[in-house]
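Input: a single structure, listed below in structure tokens.
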Amino acid sequence: MSLRLFNTMGHKMEEFKPITEGFCGFYGCGPTVYNYAHIGNLRAYVFLDTLDKTLHFLGYDLKHVMNVTDVGHLTGDSDEGDDKMVKTAEERHQSVLEVAKFYTDAFLKDIDSLNIRRPDVICKATEHIQEMIDLIKQIEANGHTYMAGGNLYYDISTYPDYGKLANLNLDELKEGAGKRKEVVIDGNKRNPGDFVLWFTKSKFENQAMTWDSPWGRGYPGWHIECSAMSMKYLGKHFDIHTGGIDHVPVHHTNEIAQSEGSFDEAERAKGPWVNYWMHNEFLVLEGGKMSKSSGHFITLQTPLPEEKGFALTDKGIQPLDYRFFLLSGHYRKQLVFSMEALESAKNGRAALVQKIAKIAAKGNIQLSKGKTYAKGQADNRDGLSEKANGYLDAFKGGLENDLLTPVAFSALNKVIKDGSLDPKEALDLIDRMDSVLSLSLLETAAVEQKKMEDEAKAMMPDHSGDPEAAEIDALVAERSSAKKNKDFARADQIRDELTERGITIIDTPQGPAWKRN
């Protein structure tokens with residue numbers, strides 16, 4: 001089986017065929033750093049990380065690029081609402097860049113605690129204004145723009161395929177615009193779906209960050225940054241673009257229009273801007289998706305005032321418990337949040353860890369951190385038994401079927417439950433699987449193993465000063481050896497002899513011990 005992915009463009013499963021054999025370039029929409037990421041936001045980055053590590057597991061070279069939006073982003077994707085960055089800066093009495101740095105650092109701390117590999121390129125919008133200007137100039141030269149009210153707009157009527165990602169119809173868009181009473185329609189737009197590429201006259205006076213441009217001093221529209229930065233680091237054509245499902249109808253639709261609107265004839269002949277579009281579903285509450293605009297949300301680990309929300313860690317849920325919860329569902333299915341579900345995930349992860357520690361004890365193996373695998377090496381089959389190969393095939397098959405992490409988890413659970421596997425091989429399989437799942441299973445089990453050893457030592461009777469201790473130790477060891485060699489008659493004989501002498505054998509995770517009655 002080869003890697004198959006659900007492509008939002010066309011809404012179907014497709015075999016993954018990269019532009020360059022053995023290499024995948026992909027771009028994931030990053031955070032707008034005006035507030036803490038809530039746990040719904042973080043689902044997107046766990047999904048991205050699963051894609052990243054699956055590609056690595058399957059042997060691909062890859063380049064993962066993610067933006068950080070640190071220049072104004074409106075509360076509505078369609079150039080509507082308040083400027084989130086400016087609003088937060090005013091509330092905190094800080095500059096916009098100070099706000100951006102503070103929340104960028106908080107975001108990076110969150111993804112680190114979730115065992116998310118940092119993207120190969122993390123690019124800030126404010127550091128790529130010239131690239132945005134250059135791209136807009138290409139779009140303008142191709143006849144897709146118009147100036148109105150001091151702003152430069154993209155005219156979606158000039159791009160025949162507008163809306164193909166979301167199956168939007170231009171006539172329906174125009175008709176629907178008149179029904180949206182709650183939205184103040186921009187009178188400068190020729191079409192309701194047109195969007196701003198460059199603002200020189202926005203509704204905000206004394207805009208915090210502005211730059212000189214061919215269209216006047218101003219700042220870029222939100223959508224252009226992703227097109228410009230992805231093209232800089234991945235080229236005019238790349239393999240995968242990801243984001244939340246809410247990006248499909250506006251942000252990603254506009255990205256496609258402006259990106260492909262910048263192509264010359266030769267670039268159009270090479271194919272689409274992006275070949276595979278992948279989108280994760282929402283984490284939902286009883287009242288709908290989680291949103292910062294509600295003023296009440298849940299963070300991973302940052303304490304919030306009671307009226308604003310709470311952190312999972314304040315409720316005893318650790319970041320890797322939350323990762324476990326997310327991976328238990330498929331990225332394209334909505335996940336319903338509840339503290340009961342999180343507690344179940346916490347207990348489930350703890351149970352896995354305890355079982356892994358017992359596997360290590362059975363094989364007298366001292367656990368430590370898991371290995372770091374080179375690309376494809378976690379799927380190296382050298383020296384594996386037939387049964388182990390079967391488990392790894394099941395794990396790999398789940399990942400290759402559009403990142404079906406519940407199937408991958410099932411394979412992991414079967415390895416842990418299979419008492420016939422050699423403990424060393426079982427731990428090796430767990431480590432390979434955890435290279436994608438990234439739950440720090442061996443590292444956490446090592447802590448559990450130490451705890452079990454300490455508890456066992458505390459239970460051990462003190463035989464110092466017992467004149468028969470050496471002789472009894474030898475008999476207990478001989479009994480263990482007899483049982484291992486299936487000499488059960490001799491093992492029973494030793495047990496009976498020790499019982500007559502008032503000695504009871506105790507089974508511990510570290511092996512048999514004894515005590516006097």
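These numbers come from the heavy atoms of this one structure, side chains and all, not from hydrogens, waters or symmetry mates.
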> Excluding sequence neighbours, so at least two apart, what forms side-chain hydrogen bond (donor to acceptor under 3.5 Å, both in side chains) with D314?
Replying inline: none
>> Given 3.5 Å as the limit, does a donor-acceptor pair link the side chain of S262 with the main chain of I139, or not?
In response: no
> Is the ring centre of F102 less than 6.0 Å from the ring centre of Y34?
Replying inline: no
> Is the backbone N or O of E340 less than 3.5 Å from a side-chain atom of S344, with the two atoms forming a donor-acceptor pair by type?
Replying inline: no
Per-pair distances, 0.1 Å, donor-acceptor, side chain in residues 278-285, under 3.5 Å, sequence neighbours excluded:
unit_1	atom_1	unit_2	atom_2	d
H279	ND1	T8	OG1	2.8
H279	NE2	H252	ND1	2.8
E281	OE1	Q334	NE2	3.4

>> Holding to ring-ring contact (aromatic ring centres under 6.0 Å, His included), I want the full list of residues that pass it with Y233, two or more places apart in sequence or in another chain.
In response: H128
> Do any N or O atoms from the side chain of N142 and from the backbone of H144 form a donor-acceptor pair under 3.5 angstrom?
Replying inline: no
> Can we call the ring centroids of F195 and Y153 under 6.0 Å apart?
Replying inline: no
> Can you check side-chain contact (heavy atoms from CB on, under 4.5 Å) on V65 and S230, steps first, answer last?
Replying inline: CA-CA 7 Å; V65 180; S230 63; 5.8 Å; no
>> Using 30° and 60° as the class boundaries, would you call the ring planes of F238 and W273 parallel, tilted or perpendicular?
In response: perpendicular
> Can K17 and D239 be said to form a salt bridge (Lys or Arg N to Asp or Glu O under 4.0 Å), step by step?
Replying inline: CA-CA 8 Å; K17 296 179 180 179; D239 297 300; over 6 Å; no
>> Under 6.0 Å from the ring centre and within 45 degrees of the ring axis: does the NZ or CZ of K315 meet both conditions for the six-membered ring of F310?
In response: yes
> Just one of K53, R432, K396 clears the salt bridge (charged side-chain N to carboxylate O under 4.0 Å, His left out) bar with D379, so which one?
Replying inline: K396
> Aromatic ring centroids of F16 and Y60 under 6.0 Å?
Replying inline: yes
> What salt bridge (charged side-chain N to carboxylate O under 4.0 Å, His left out) pairs are there with at least one residue in residues 296-305, not counting sequence neighbours?
Replying inline: none
> Hey, does the side chain of N191 reach the backbone of G193 with a donor-acceptor pair shorter than 3.5 angstrom?
Replying inline: no
>> Run D212 and R217 through salt bridge (Lys or Arg N to Asp or Glu O under 4.0 Å) and show every step you take.
In response: CA-CA 4 Å; D212 289 327; R217 189 164 181 86; 3.1 Å; yes
>> Please enumerate all residues that pass ring-ring contact (aromatic ring centres under 6.0 Å, His included) together with H64, with sequence neighbours excluded.
In response: F26
>> Angle between ring planes, F199 versus Y219, binned at 30° and 60°: parallel, tilted or perpendicular?
In response: parallel
> What about F337 and F325, are their ring centers closer than 6.0 Å?
Replying inline: no
>> Show, in sequence, the C-alpha distance, side-chain angles and deciding distance for Y331 and T50, and conclude whether the side-chain contact (heavy atoms from CB on, under 4.5 Å) test is met.
In response: CA-CA 10 Å; Y331 77 91; T50 305; over 6 Å; no
>> For E21, I'd like to know if atom CD has over 12 heavy atoms of other residues, nucleotides or ligands within 6.0 Å.
In response: no
> Within the distance-only criterion (no hydrogens, no angle test), does the side chain of S213 pair as donor or acceptor with the backbone N or O of I133 below 3.5 angstrom?
Replying inline: no
> Centres of the H251 and W222 rings: under 6.0 Å?
Replying inline: yes
> Got a donor-acceptor contact below 3.5 angstrom from the N7 side chain to the W277 backbone?
Replying inline: yes
> What residues, two or more places apart in sequence or in another chain, satisfy side-chain hydrogen bond (donor to acceptor under 3.5 Å, both in side chains) together with Q377?
Replying inline: N380
